[in-house]
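Input: a single structure, listed below in structure tokens.
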Amino acid sequence: MKKAVASLFMVFAFFFLLPNMAMANNYPIKVGEKLANGVANAVTGVVEIPKTMMITGRKNGATYGMTAGFFIGIVHTLGRSLTGALDIATFLVPTTPIINPAYIWDDFDRETTYQTWQMR
């Protein structure tokens, strides 16, 4: 009887730990992607100013793009740089990027948006 209980316990432990082992295989990749994303966003945050000026200028005219787009770009610069720094500080916890698009060069003609963290 003890042998049957022990073997049943082993089977349950195996099936309980199997998904964790599968997720652990991708952990270094997810952590590395988050660290790379954080470094890239912290460094390239300044590019948000001309990007936002360009997008705002196309929507509302050149004058509005040069004035309001500049200030909105500064806000997005701070947002991208600070979320990059946050990703660097918390790279051991694999989450999705807060900023969308994840990199400045992804979909350059789309305005930057922010979302909540989610586990990968």
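Just so you know, these numbers come straight off a predicted model, no measurement behind them.
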Let me confirm one number: the OG1-CD1 distance from T112 to I72, rounded to the nearest 0.5 Å. 11.0 Å

Table please: side-chain donor-acceptor pairs of residues 56-65 below 3.5 Å, with sequence neighbours left out.
residue, atom, partner, partner atom, Å
T56, OG1, T52, O, 2.7
R58, NH1, D109, OD1, 3.1
K59, NZ, E111, OE1, 3.4

Separation of N41 CG from T83 OG1 (nearest 0.5 Å): 5.5 Å

Might you work through the side chain to side chain donor-acceptor pair (under 3.5 Å) test for T95 and K30, ending with a clear yes or no? CA-CA 8 Å; T95 58; K30 292 176 184 176; over 6 Å; no

Heavy-atom closest pair (V47 atom, F108 atom, distance to 0.1 Å) is CG1-CE1, 4.1 Å

Which pair of heavy atoms, one from A85 and one from A42, lies closest together, and at what distance? N-CB, 4.2 Å

Show every ring pair (Phe, Tyr, Trp, His ring centres under 6.0 Å) that has at least one partner inside residues 68-102, sequence neighbours left out. H76-Y114

In this structure, would M119 and Y27 fall into the same cluster of hydrophobic residues linked by side-chain contacts under 4.5 Å? no

Which atom of P101 lies closest to which atom of K51, heavy atoms considered: CG-NZ, 4.2 Å

Gap separating the CD1 atom of I99 from the OG1 atom of T113, nearest 0.5 angstrom: 8.0 Å

Got a donor-acceptor contact below 3.5 angstrom from the Q115 side chain to the P97 backbone? yes

Determine, stepwise, if the pair I74 / I49 fulfils side chain to side chain contact (heavy atoms under 4.5 Å, CB included). CA-CA 6 Å; I74 289 175; I49 295 173; 4.0 Å; yes

Hphob cluster co-occupancy, V31 + V39, side-chain heavy atoms under 4.5 angstrom: yes

State, yes or no, whether a side-chain contact exists between D87 and L35 at a heavy-atom distance under 4.5 Å. no

Only counting residues at least two apart or in another chain, list the ones meeting side chain to side chain donor-acceptor pair (under 3.5 Å) with T67. none

Any luck finding a side-chain donor-acceptor pair between T96 and K34 under 3.5 Å? no

